[in-house]
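Not measured: the values here are computed from a predicted model. Each ligand, and each atom within it, is numbered from 1 in the order the structure gives.
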Amino acid sequence: MNTSRTIADCRGAVATFRKAGETVAMVPTMGFLHDGHMSLVALAKSHADRVVVSIFVNPAQFGEAADLDAYPRDEARDLGMLSAAGVDHVFLPETATMYPPGDETIVETTRLANILHGQVRPGHFRGVTTVVARLFNIVQPDIACFGEKDYQQLQVIKRMVADLHMPVRIFGGPTVREPDGLAMSSRNVRLAPADRRAAPVLSRALDAAADATRAGISVPALRDLITAMIAAEPRATLQGLDIVAAETLHPITGPLDGPTAIMLSVAFGDILLIDQRVVTP
Ligand code: PAF
């Protein structure tokens, strides 16, 4: 496995793969890798000859500088994990490489970025699409893999790729969970021990919601069910609950009769956890 920190070196590494007629898959990450990321690496490997991973903690998608500073980082550990997993190349740009002085171009999906989670974190998805578009332009992968856990992010990226006619196929990887059901996330390490014990309430509520959806529950009753389960956990504060059409993310107000995404965000102290289920009634 080799690494690069400049655009020229990264492009040089990819050009070597291309010269050999090889296909390239990309897994964009912000580092501090866990099994969820590694499952995306495995997905990428199963679809292409070569895998390129980027590690870049993207300032443009953080609302507050404090969140950016608190984001966990461990480059040496990440590189060890990626090398052991057989990744071919890791791109580790500096902020000034991704956002050179004087830059002014942003990429934004105007509707999808500003609903649901985007209302709670204004500018977040614009930061994601801007950096992912830049990463795609640098690496020019055939396919790219993103986790289904960040469900709105996945839909936003698919929209961007379709709208800008980017020649890259987007794959969503299933959420990887701890044995108690908690979706893996770099934020989990920041939970206080009691909050960590309480956090599986998200997946329990979503499991119950998925069962009830398949059994024909109405949208208001589904909301009540999830709200009551979160309220029963004193350390958890419900921040967002969205029941939406799985692809467009339009809110569902009538009967549940097509693929439905149930998206949940719950705060434990100042840590916000998200999880989701896609269910077909
Ligand atoms: O999902 C993430 O880790 C980030 O949002 C991404 C896609 C790497 C863009 O910075």
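The residue among Lys149, Met30, His124, Gln61 with a heavy atom at the shortest distance from atom 10 (O) of ligand 1 is Gln61.
Around the CD atom of Glu247, the shell of radius 6.0 Å holds no more than 12 heavy atoms that belong to other residues, nucleotides or ligands. Residue Arg196 qualifies as enclosed at atom CZ: its count of foreign heavy atoms under 6.0 Å is above 12.
Using a 4.5 Å cut-off between side-chain heavy atoms of Ile, Leu, Val, Met, Phe, Trp and Tyr, Val176 falls into a hydrophobic cluster with Met184.
With respect to atom 2 (C) of ligand 1, the closest heavy atom belonging to the protein is Gln153 NE2, 3.9 Å.
Those atoms of ligand 1 that come under 4.0 Å of a heavy atom in Val131, given as number and element, are 9 (C), 10 (O).
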Could you please spell out the steps behind the salt bridge (Lys or Arg N to Asp or Glu O under 4.0 Å) verdict for Arg50 and Asp142? CA-CA 10 Å; Arg50 298 287 186 169; Asp142 300 290; over 6 Å; no

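The part of Thr29 lying near ligand 1 is the backbone, judged by heavy-atom distances below 4.0 Å.
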